[in-house]
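No hydrogens, no waters, no symmetry mates; every other heavy atom, side chains included, goes into these values.
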Amino acid sequence: MLSQQSKDTIAATLPAVGAHVNQITEVFYPLLFQRYPEVKAYFNEAHQVQGTQPQALANAVVAYASNLERLEKLGDAVSLIVQKHVSLNIQPEHYPLVGECLLAAIKEVLGDAASEEVLAAWAEAYTQLADILTGAEEQVYHSIEQQPGGWRGEREFVLKHKVRESTIITSFYFEPADGAALLAFKPGQYIGLVLNINGQTVRRNYSLSDSPDNPHYRISVKRENNGLASAYLHDELTVGDRVRMTPPCGDFVLNDADRPLVLLSGGVGITPTIAMLKPALESGRDVHFLHGALNSESHAFRELIEEMATTYKNLHNYYCYSHPLPQDTAQNSGFLDRERLSALLPEHRDVDVYFLGPKPFMQACYKSLKELKIPAERIRYEFFGPLEALN
């Protein structure tokens with residue numbers, strides 16, 4: 001329990017920390033990687049360059065310090081962090097390294113304002129947060145390990161199939177190298193892939209893109225410009241190769257309601273919605289599967305969805321192309337904007353909406369869904385990387 005003196009000190013210094021929090025994170029990450037280079041593998045370098053990882057940390061520090069008396073308000077944010085940490089196999093021994101460098105960054109940025117008393121209070125608060133996270137993470141690790149086919153940490157898998165889904169997306173089918181049982185996952189979850197690329201350990205999260213009733217895990221990966229992991233998977237990983245994997249994680253999962261379901265995706269954001277599609281259809285729910293892509297060549301899983309639409313009468317499928325090719329159907333050109341969504345969604349708006357895609361797509365969808373009066377509690381979304389703002 002945080003002492004009252006520390007709470008008072010943090011409350012008094014929070015405005016200064018909040019005003020300089022971006023500078024603090026800019027100092028923190030290089031310092032962490034310099035002192036403890038072994039932890040760099042746990043961070044996506046692209047998110048560092050884009051600034052999303054430092055911004056996510058900055059937001060988390062301020063949110064935690066602002067809610068010391070009502071930590072229950074951080075429930076969803078804590079759950080998101082815990083799931084990400086478990087997928088990366090973060091361990092309790094990593095937390096002191098982060099704490100040390102975070103306090104050093106605060107001292108460097110705030111200077112004399114960061115007295116020994118101030119640093120001691122922030123150290124106490126960080127220790128409390130670390131205890132909360134490590135305790136929650138241990139519960140998740142233990143729960144996964146105890147399930148049939150479950151495991152803790154990393155497990156070796158073999159690439160069994162590699163299928164080109166479009167000009168930019170390829171699917172990879174993995175099975176356990178030991179031939180033992182496979183842990184069931186919830187539609188919408190992701191796995192952590194641990195790759196060795198030119199002697200460098202690289203960790204990435206990928207959504208599972210197939211329904212859970214299969215003897216494999218499938219991920220479907222977009223080739224990213226200058227993407228280290230995606231280029232390796234597309235160009236170098238071949239059938240028979242082995243990789244290490246952490247268990248399925250994530251809270252962006254299909255619920256079991258009987259309301260109509262809207263699966264709204266853009267680009268490679270289609271991957272978790274594909275995993276949700278079959279279970280939702282088999283439950284009897286009306287499913288509106290709405291997808292936006294660049295054009296027909298980059299559109300993954302189109303044939304699969306159209307085939308499912310002939311089998312399941314409760315599937316309502318629609319797609320559109322933002323940059324159609326000459327041979328693409330004219331009526332399917334454009335964007336999934338407010339006007340188009342208004343025409344495609346059920347009139348009563350009593351639906352569950354799950355959406356995922358590039359950030360501009362998600363921002364536009366979020367704004368449109370709010371304007372169309374979809375209740376906030378019925379809207380679910382997830383980012384591929386650190387949590388960002390959609391407003």
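A side-chain N or O of Gln4 and one of Asp8 form a donor-acceptor pair less than 3.5 Å apart. A side-chain donor-acceptor contact under 3.5 Å links Ser6 and Glu124. For the residue pair Thr167/Glu297, the side-chain donor-acceptor check at 3.5 Å is not satisfied. Ser265 and His291 form a side-chain donor-acceptor contact under 3.5 Å, judged by distance and modelled atom types alone. For the 3.5 Å distance criterion, the side chains of Asp328 and Ser296 qualify, holding a donor opposite an acceptor.
Ring geometry for Tyr173 against His161 counts as perpendicular: the plane angle is over 60°, on a 0 to 90° scale with 30° as the lower cut. Using the six-membered ring where Trp is involved, Phe172 and Phe174 have ring planes that are parallel, under 30° apart on the 30 and 60° scheme. Ring-plane geometry between Tyr126 and Tyr95 is classed as tilted, the angle between the planes lying from 30 to 60 degrees on a 0 to 90 degree scale.
Open room surrounds NZ on Lys222; 12 or fewer heavy atoms of other groups in view lie less than 6.0 Å from it. Annotation for Lys186: atom NZ does not count as buried by contact number, only 12 or fewer foreign heavy atoms lying within 6.0 Å. The neighbour count for Gln5 CD, taken as heavy atoms of other residues, nucleotides or ligands under 6.0 Å away, does not exceed 12. The environment of NZ in Lys40 is sparse: at most 12 heavy-atom neighbours from other residues, nucleotides or ligands sit within 6.0 Å. The environment of Asn226 atom CG is sparse: at most 12 non-hydrogen atoms of other residues, nucleotides or ligands sit within 6.0 angstrom. For Glu307, the CD atom is loosely surrounded, since the number of other residues' heavy atoms within 6.0 Å does not exceed 12. Counting non-hydrogen atoms of neighbouring residues, nucleotides and ligands closer than 6.0 angstrom, the NE2 atom of His348 exceeds 12 such neighbours. Within 6.0 Å of the CD atom in Glu347, the count of heavy atoms belonging to other residues, nucleotides or ligands does not exceed 12.
We find that Asp350 and Arg378 are joined by a salt bridge, their nearest charged nitrogen and carboxylate oxygen being less than 4.0 Å apart. A salt bridge links Glu138 to Arg152: at least one charged side-chain nitrogen sits closer than 4.0 Å to a carboxylate oxygen.
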**Request:** Apply side-chain hydrogen bond (donor to acceptor under 3.5 Å, both in side chains) to the pair Ser342 and Arg349, showing each step before the final yes or no.
**Result:** CA-CA 9 Å; Ser342 179; Arg349 307 302 196 227; 3.3 Å; yes
**Request:** Take Leu102 and Ile24 through the side chain to side chain contact (heavy atoms under 4.5 Å, CB included) test and state the conclusion after the steps.
**Result:** CA-CA 8 Å; Leu102 184 59; Ile24 291 169; 4.1 Å; yes
**Message:** Run the side chain to side chain contact (heavy atoms under 4.5 Å, CB included) test on Leu233 and Thr170 for me, step by step, so that the C-alpha distance in whole Å, both residues' side-chain angles and the decisive distance to 0.1 Å come before the verdict.
**Reply:** CA-CA 9 Å; Leu233 291 171; Thr170 294; over 6 Å; no
**Item:** Working for side chain to side chain contact (heavy atoms under 4.5 Å, CB included), residues Gln200 and Leu228
**Value:** CA-CA 11 Å; Gln200 174 186 353; Leu228 177 64; 4.2 Å; yes
**Request:** Take Asp352 and Arg380 through the side chain to side chain contact (heavy atoms under 4.5 Å, CB included) test and state the conclusion after the steps.
**Result:** CA-CA 8 Å; Asp352 290 318; Arg380 299 287 306 279; over 6 Å; no
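Put simply, Tyr318 and Val351 are part of the same group of oily side chains (I, L, V, M, F, W, Y) that touch within less than 4.5 Å, one to the next. Residues Val253 and Ile274 do not share a hydrophobic cluster, defined by chaining ILVMFWY side chains whose heavy atoms lie under 4.5 Å apart. Ile197 is connected to Ile219 through a chain of hydrophobic side-chain contacts under 4.5 Å among Ile, Leu, Val, Met, Phe, Trp and Tyr, so both are in one cluster. Taking hydrophobic clusters as Ile, Leu, Val, Met, Phe, Trp and Tyr residues chained together by side-chain heavy-atom distances below 4.5 Å, Trp151 shares a cluster with Val243. Placement of Leu356 and Tyr190 in two distinct hydrophobic clusters is found when ILVMFWY residues are connected by side-chain heavy-atom separations under 4.5 Å, directly or transitively.
Contacts of Glu108 classified as salt bridge (Lys or Arg N to Asp or Glu O under 4.0 Å), with partners at least two apart in sequence or in another chain: none. In terms of the side chain to side chain contact (heavy atoms under 4.5 Å, CB included) criterion, residue partners of Glu93 (sequence neighbours excluded) are, by chain and number, Gln91. Residues satisfying the side chain to side chain contact (heavy atoms under 4.5 Å, CB included) criterion with Asp213, sequence neighbours excluded, are Ser211, Lys278.
In this structure, the side chain of Arg338 does not engage the main chain of Ser368 through any donor-acceptor pair within 3.5 Å. The main-chain N or O of Arg285 is found under 3.5 Å from a side-chain atom of Asn314 such that the two form a donor-acceptor pair. The backbone N or O of Ser298 lies less than 3.5 Å from a partner atom in the side chain of Ser166, making a donor-acceptor pair. Panel note: side chain Thr25, backbone Ala58; no donor-acceptor pair is recorded below 3.5 Å. Of the possible donor and acceptor atoms, none in the side chain of Ser66 sits under 3.5 Å from a partner among the backbone N and O of Ala63. Panel note: side chain Glu154, backbone Arg244; no donor-acceptor pair is recorded below 3.5 Å. Using a distance-only test at 3.5 Å, with no hydrogens or angles considered, a donor-acceptor pair links the side chain of Gln189 to the main chain of Gly250. For Tyr217 (side chain) and Leu182 (main-chain N/O), no donor-acceptor pair under 3.5 Å exists by modelled atom type.
For the atom pair OH (Tyr36) and CG (Leu97), the distance works out to 5.5 Å, reported to the nearest 0.5 Å. Summarising the geometry, atom NE2 belonging to His85 is positioned 13.0 Å from atom OG1 belonging to Thr246; distances are rounded to the nearest 0.5 Å. Annotation: the span from Leu281 atom CG to Asp286 atom CG amounts to 9.5 Å, rounded to 0.5 Å. In this structure, CG on Leu261 lies 11.5 Å from CG on Asp258, to the nearest 0.5 angstrom. Taken from CD in Gln83 to CD in Glu382, the straight-line distance is 9.5 Å, to the nearest 0.5 Å. If you take CD1 on Ile305 and OH on Tyr319, they are separated by 11.5 Å, rounding to the nearest 0.5 Å.
Nearest heavy-atom pair, Pro247 versus Leu183, reported as atom, atom and distance to 0.1 Å: CB-CD2, 4.1 Å. Taking every heavy atom of both residues into account, Asp251 and Leu80 meet most closely at OD2-N, 4.3 Å. Scanning all heavy atoms of the two residues, the minimum distance from Gly153 to Asn89 falls at CA-OD1, 3.6 Å. Shown here for Leu110 and Ala16, the closest heavy-atom pair between the two residues is CD2-O, 4.1 Å. Closest of all the heavy-atom pairs between Gly188 and Ala275 is N-CB, 4.3 Å. Minimum interatomic distance between Leu14 and Ala65 (heavy atoms only, all atoms of both residues): CD1-CB, 3.6 Å.
Contact annotation: the side chain of Glu165 never approaches that of Leu304 to less than 4.5 Å [non-hydrogen atoms, C-beta and beyond]. Val268 places none of its side-chain heavy atoms less than 4.5 Å from the side chain of Ile168. At least one side-chain heavy atom of Leu2 sits less than 4.5 Å from a side-chain heavy atom of Ile10.
For the pair Arg203 and Tyr42, the distance from NZ or CZ to the six-membered ring centre is under 6.0 Å and the angle to the ring normal is within 45 degrees.
Under the ring pair (Phe, Tyr, Trp, His ring centres under 6.0 Å) test applied with Tyr354, the options Phe252, Phe289, Tyr381 reduce to a single match, Phe252.
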